[in-house]
Structures are given as C-alpha cells and as structure tokens.
Amino acid sequence: MLSMIVVRALERLSRRQIPLFWAVCLSVMVAVLPMAASAAEMAPRALMSGEMLKGRFIQDRQLAGFTKPLRSEGTFTLVPGQGLIWNGKTPFENTTVITGEGILQLVNGQEAMRLTAARVPGLGRFYEVLEAAVSGDTKSLAGAFTVKRIADAEHWSLLLTPLHGSEMAQLKSLLVKGGRMVDTIDVDKGGGDVDHISFLDQSIGPLALSADEKALLAKLHK
Amino acid sequence: MKRAAPWLWLLAVALVVLYLGLRLYSGITLQSNILALLPRAERDEPAQRIQDGIANSFSRRVVFLVGNSDPVKARGAGLMLASTLDHSGLVSKLTSKFDPDAQRKLGAAYFPFRAGLLSAADRADLLSNNGKAVVLRAQSILFGPGGFVNGKLMAHDPFFLLPSFFTSLPLPRSKLTPDGGVLSVRDGDTTYVLVSAELAGDPFSTSFQEHFHDFVDSTTQSMVRASPGTKLLRAGAVFYAREAAAEATGETSIIGSISIVGTLALVLLVFRGLRPILLGFLAIGTGVACAFAGTLLLFGELHTVALLFGVSLIGVSVDYSLQYFSEYFDPETTTPQDRLRRVAPGIAIGLITTLIGYLTLLLAPFPGLRQVAAFSVIGLIASVLTVLLWYPCLDKKDAPKLGRFFVDLANRHWVLWETPTLRLTRFAIMGACILLGVIGAFRLHMDDDVRHLQSLSPDLRQQEAEVQRLTGSPGGSQFLLVRATNEQKLLETEERLVDRLSVAQRQGALGDFQAVAQFVPSVARQMQNRALVLDRLNKPFLTAYLSEIGYGGVVDYAMPRRFLLPRDVPKTGPLSLLQLLDVGTADHPAHVVLLGGIARANVLQQISAGIPGVRFVNLTDDWSRLFATYRRYAIALLALSAVLMYPMLAWRYGWLPAIRVMLPSIAAASLAPPLAALAGVSFTFFNAMALVLVLSIGVDYSVFCRETWGSRKPVTMLAIALAALSTILSFGLLALSRVFAVHAFGTTMLIGIFLAFLFAPAAGDATAGTRRGVSL
C-alpha cells in the first residue's frame, strides 16, 4: 500500500519545470542539429545511423544585467541514437554530455552536475515533439506550439512559439535557421534573455568515436 | 418463579428480536479488515496511533490507470473518470489534474529563504572550504548549453544555489509525464492516464464498498461505451476489501446453508419427526439472534470473521438439543421433564466448560476475537436457556416410536472402548494416532506471515502490479518512523539520519529515500548554511566572479529574519508529498522517511538503532511478528482454559477421574496440529485459536460420556455422535473457505473434533451401572 503514497507523490513531483527547462533547451539542439537539408527541397534530412556530425559552435548568451553577451566557444559531436557531447573550450574547459538517459556536466574533468532522465520527467516527450518538428509533422506539434515554416531556394527557417498553458510556455520562441545544415538557433526566454547559437565547420562522417568520447557517453549509463 | 421463567425468557427474546430488527433496518456495519482482528498495541500508544494513521491513509488511496491505444481517447476517458469521481461525492481529494501554477507557487514559497538552502554537493564543498567548486559550477551553467539561467535569477541568486537545491531534491522516480493537463505513460501501443483519489468513506465499510464498486462499474461501462477499447487498471485497499467482504458474505450464506441443511437432514434421519427440527431450530434461532444482537450492542459493528465463526455456532448449540432429543430413544423417560432432568447435568457441565473455553478468547486483546467470544458465549447461553426453559413446555409427552438402529450403531463406539478383548485394537488405534502425530510433528511448521493470512484476489494483485510497473513506483511497506518532542528536533534528527542513509545509499544498501528534512532543513541547518554562503562563498568570491563574467547589475541576496518551515511549503503541488510524510499529531510530532529499493534491511535496522527516536518499521514484518506473539498467546490460553476447567470437573468427579475426563480432549488438541501438518497445513494463530474450541467442545463429549450410565449409554453416544457430526458439518466446512484464517480454523476443527469424538468414550466410567445423582 505504500506504493499509493509514492504514486501520489510522483504525479505531483513530475510537474517540476526547472530541469524540464534544461530539457527543452538541450533537446532542441539534439533534435535539430541532425538536420542536414537537401538544397533542392530545402527539407531537413536526419542523420543516418552509422554517421556522426562534428563541428564548432559559438554561443552568445544575452542576459539582462550583463554588459556584454556571455560567449562560449567549442566543439560538438553528435551521434544519432547515442547523444551529444558539447565541449566548451573558452572561457574555460567544460563538457556537457546529453543522452536519452540524462545530462552530465564536467568542469575540469570533475562532475559538476548530473540530471538523469528519471529525474527530468518529460525529457523523452520533448525528443518526440522535436523530432516531429524536424520531420515537418506539424500536427503533433500543434498541441504545444504554433509552427511557422518559411523556405526559399537556399534557406529555410522554423519559428516555434509555445501555446499558452503548454508545458513549454516558459520559452518565448525558438527560431531555427539553416540551409544544407542548421546554421543558427535562437532561444528567446523572454525579458531580454536570448541564446544565439551558431554552428560552424560542420561535417558529417562515418561513426568513429574516440575512446574519450565513448567514455563520456558511457558515463551517463551508470 | 419456575412458572414465570419461560415467559420471562419469551419477553427477553422478543426484545432481542425487536432490537435486531431495528438494527438491521437501519443498516449494520460489517467489518472486513483483517487487521481489525489485531490487538491495539499495548506498549507504545502514540506510535500505534501514528502507524494506524499511516495504514489508514494508505488504505484510502485509489489509483486508476485508464488505457487506450489512442492517446486522445485515453485522455478523454481519464478526464471523464476524474470528473465523474469528483461529482460522485465518494472521494475527498482528486489528484489527476495538472496545475500549471503549482511550480510557480512552490518557487515563491522557497525563494525568500534561498540563502539557507544548499544542495548536499554545494554544502559539502563549502564545508570543506572549497567555494571555488561552487563558483565553477555556476560558471559552467552560465556558459554551458541550454539551461535555466535568466537575468532575474542572476540578480537574486548569482551562484544558482536554489536551482541546485531544487535539482538535488530526492524526488521519487516516475514514468508519468504531464500531457495536456493529465499525467500519462505510454506502454507499447497503449497510453495510460493516471487518475488517483482519496476516498471520502471508510474503505472497510461494506456499504461504502458497495457504493464505490457500483460507481466504478457503471463509470467503466460508460467509459467503454464512449471510447471503445478503453481499459481500466485499479489499485487500492478498497478493491481488496470489497472482494474479501463479498467472498466472506457469499461463503457465510453457502457454508451456513449447507451446515443448517446438513444438520437438519441428520436430525430428520435419526428422529424421523418434525418436532426435534422445529425445537432445534428454536434453540439455534434464539441463540443466533441473541448473539447477533448482543455483539452489535457491545461492539457497535460485526467483523465478517466473527460472523463466519458465529454462524458455525449452530453446530455447537445444537449439541444440547441433540442430548435432549436422544432421550426419545430411552424407553424409561416418558415426560419432557424426565428427559430434561436426565440430560440437564451433562448440558450444564458441558456449557460451563465450553464457556470457559470461549471466555479465554475474551482475554485475548484482539477486538475481532472478542467479538467471536461474545457472540459464542451469548449464543450458547441463549440456546441452553431455550432448551431448559421452553422444551418442557413445548415438547409433547409421548416420544415417537423409534427403532434401535441408530442407538445400536452408536453403541459400537462404546463396544470399541469398553470391551476387554478389544484392548489390543484400542492400543493399536492410539498407537497409530501417536505415531502419525510424531511424524507430523516433524513436518509441523509455524506460519505467521501476514501475507499468507490475507487471501488477496490474484486478479487485483496483478492489476496492482501493472499499476506499479507502469507508474514506476515501487511497492513496499518499509519505512523509518522518526519521533521527537518538537518539529525542529525532528528535522535535526532526520538530518543526522540522512547523513547515514546517504552513506548506506552509496554502499548500495538502499536505492533512494525521502525525508522532510531534505526538503525543509532545520532552522539550525539553515543558519549554518547562511553562514557558509556568506563567509565561504560571497565574501571571498562574489565580486571577482561578477566582474569576470561581466555582470553589471545589482545583486540582491537578502537574508530574511525568518527561516523556511514545513508549513511554508504549499499543500498542493509538487511537494504535497511532505504532508504525507508528516504523520504526527499535535502532541506527538512524527515524520516518515520513505525508503526505496532496500537491498540490505539489516543496515537500516542498525542505522535506526543508532539514532534515538528513529525506528525502522516493516509493516509486514511487524504484523507477522504480532501474529507470532499471539499464536504463542493462544497456546497459553489453551493451557489456561484447561487449568480453569479442571477444578470444576474435579469437584464433580474427583481429582483423578477429572484427569481422565480431560485426557481425550487434551489428546485431540495436541494431535490435531501434527495430523493437519501431514496434510500440509501449517500452524498459524488461527489454528491455535481453533484448538481452544476443540478442547472445550471435546470436554463436553467426555462429560456427556462420564455423566451417562448403564442402559442410557448408547443413547448418549448417539447424541454425541450427532453432535460431532453436526460440528464437523459446520466447522469442518470452514476448511473449504478461501479466507485463509477461516480455512486454517476449519481444518483444525475438523481433525480435532473427530479425534475428540474418537477418544471421548475413554472418559466414560465403565463400572457406572447405576444412576448418578441428578441434582446440580
């Protein structure tokens, strides 16, 4: 009968949104980055399994009260079905690993934060929603977002605005732009707080992870 | 006086019937919670109240999972169930809806006190004077991908200590996710929506169970009509209770009917007339009516187990009528008064020894068993009064002409025990019984596991397991109970406890745990945390940190005078869990610490033993231990009732013959458990209680054998044989019951009564050829 107490607690606790918000922002990237759009149709194509995407990123984070945007630069590796490794080089060395099982952050090789998917309810659901976004399945998105898609011969953009009262209402909007690949993502959190992320030097290649990268992805398994 | 007595008894019975009619008309409460049979704790009253409260709040929970392959339909059906439940008045609290505002309220409640709230990791770093690690963590959040930081948070909590505290909260794991205003989980092709509620009524009251059951049935039907393919999984004590009550009531009517029909058929076959049946019915009827009314009057309610045992009382109360009617076979008795005079001493002594047996049940501090005892004592006295006062008035003078067939048949039992040449046969029978008993004794094993004592419906069990699997919530009845003189001391005790539990968790002794102090630290801890933040974080690092990241705003890190208290946490929303953990009363503050994934219970026992005020509670084990204690208690009652019967028998028969009168039933009571063990029946508390009755009923048989003489002997034996048969018909049938306790009771009675009958003639006085005094 103790399970009753737990069930009751669960159903309420699962509504926490702080880690959920993490999930929104992170899973946006996981889901959107694999878009490699073909120039002819300007429709995104997902990474094939057995492939991986590598590149550089520049993240400019504009927060109210800061004199200049917080800029971080580094490299990233995305493996479909396995996860994302986000390697910040400047202003200091830090690594974030995101997989279906959770989020892990390391500073100077030390574990600074760990959120497991079980502790981030809804992470799985956001993957679903954003996969739908990528494949243009606006029907499933209609429950949470208004979706606006603009495409010309060389570029496309996707503007996602959360519906009032939806689980993602803390976000103001998400703007994803690209050509053959995703070039930028703007996450507008309202109140003048905007994350602008640019992706550079992206390349799709056969799956070949280094031992370090494998170890990082495996860290979330334990 | 002698003439008035039957009329007075008639008046009393009329009043009883009137009272019973009124009670039945206004609806009686049938209790089916087997734990109501348990004693109130004699030692630790507040602890018991707290545990009762916990058990009570558990038992009021109901959880539904509404499943459909179409998520939209599942959601619709779930919302429909929720709103129907809400309007039914059957539940007091409904927790299916998702409150988008709850998170904001929670944040607002915690925010002012953030300076005193540190995650375990941040606190550990500050304690070891490693503020640099906290700064690095903050920077990695600022510069890392995604994240929750915004300008407002930066201004009020520059090191993000509150988000860090929130994400470190030990929330139970859930597979449920918010989905369009409900919580749902997907399993294969099916989407399940959670609807849970707290019942407004007593889940163990039969009338509430019926209402709720009807409601759930009709709602399920309309849900399925509205969206075909919808299925409903349910979990909650109320479903088990209703199932058990329905089964017990069904069994009562079936077992009761077979018992009555069988007994009547027996009487009809032997006495070949309606008069014994009608008069027998009268004795049984007045007995049961008085017992029912008396028990209701004394206890206000009736437990289904008491009802089951009580109905079987028929088998015992009819014994006295059988003694009386068997006198029909004796040509020497010609008037009803004659018959009564002959059997009265046996009936009186039999009644007194039986009452001694039942009265010892009253000494057991089990409310349910007291009901059984009260029911039996009142019923038996009423039955005997009917036999003694009404039979002489109602019975006709002339006995029907009955053949000698049954009497001769019964006489064979005497022959077996009193013919000198059959001595070897007797020894062989006794030897065989003892040998089997010894073999059985090696197979005998005690079983006190409460889970075996409650028969739970396999279908409901499976549904509950499904609910647990789908929601990802563990089942379990183990937790820590923390008590202290006030709330702050309670929190401080828990903080000490949490430190040790964390160590145990790292060592793998348990999976996770939830304590109030993790969500609301004690004031002492909050003061310490504030000092840590000021001295080891803000003073050394804040200015440098802000300029390094280029923050130009003003930091407002206020520290109010007051501290966060458990009552500040919103009662609804994410942390309503805390309300459930707070199980104390105004005078006795107490918290529960939930434990999940316990791998090594002994570690938890050690931890709880090491901190005053903490107790490791294992409800299942506690109950099992209790059953073990009371099993031993019942054996003591058995010995006690034997000791109490002896002076009475010694007064009548002399010290040595009294032992002889008691021996057959003592042998029956000691041989019944090992013989039952040969049939694979383990020995539980309920078997022990049955032995108390085997002893007292068995003594009855011996007394009847001892009281008879000469030519009356075969007649008496016929009455005893009929009595044993009718007792087996009623109690033996209980062995067929699916209610475990009743089954255990019935099996022991079946074997015990048979043995008591088998050995009874050994108590007889072979030399008693003449009439013994009848005055009593």
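- Side-chain contact annotation: A:T184 with A:K177, donor-acceptor N/O pair under 3.5 Å absent.
- No side-chain N or O of A:T95 forms a donor-acceptor pair with one of A:Q105 less than 3.5 Å apart.
- Considering only heavy-atom pairs separated by less than 4.5 Å from chain A, the leading option among B:G552, B:A155, B:A133, B:S119 is B:G552.
- Most heavy-atom pairs under 4.5 Å with chain B: of the set A:T67, A:T90, A:L70, this distinction falls to A:L70.
- No more than 12 heavy-atom neighbours from other residues, nucleotides or ligands sit within 6.0 angstrom of NZ on B:K152.
- Using a 3.5 Å distance cut-off with no hydrogens or angles, the side chains of A:H196 and A:D60 do not pair a donor with an acceptor.
- Interface remark: A:F57 contributes no atoms to any contact with chain B (heavy atom separation under 4.5 Å).
- The residue among B:G550, B:A121, B:G553 with the most heavy atom pairs within less than 4.5 Å of chain A is B:G550.
- Listed options B:V554, B:L136, B:L546 were ranked by heavy-atom pairs under 4.5 angstrom with chain A; first place goes to B:L136.
- Using a 30° and 60° split on the angle between ring planes, B:F165 and B:Y110 fall in the tilted class, from 30° to 60°.
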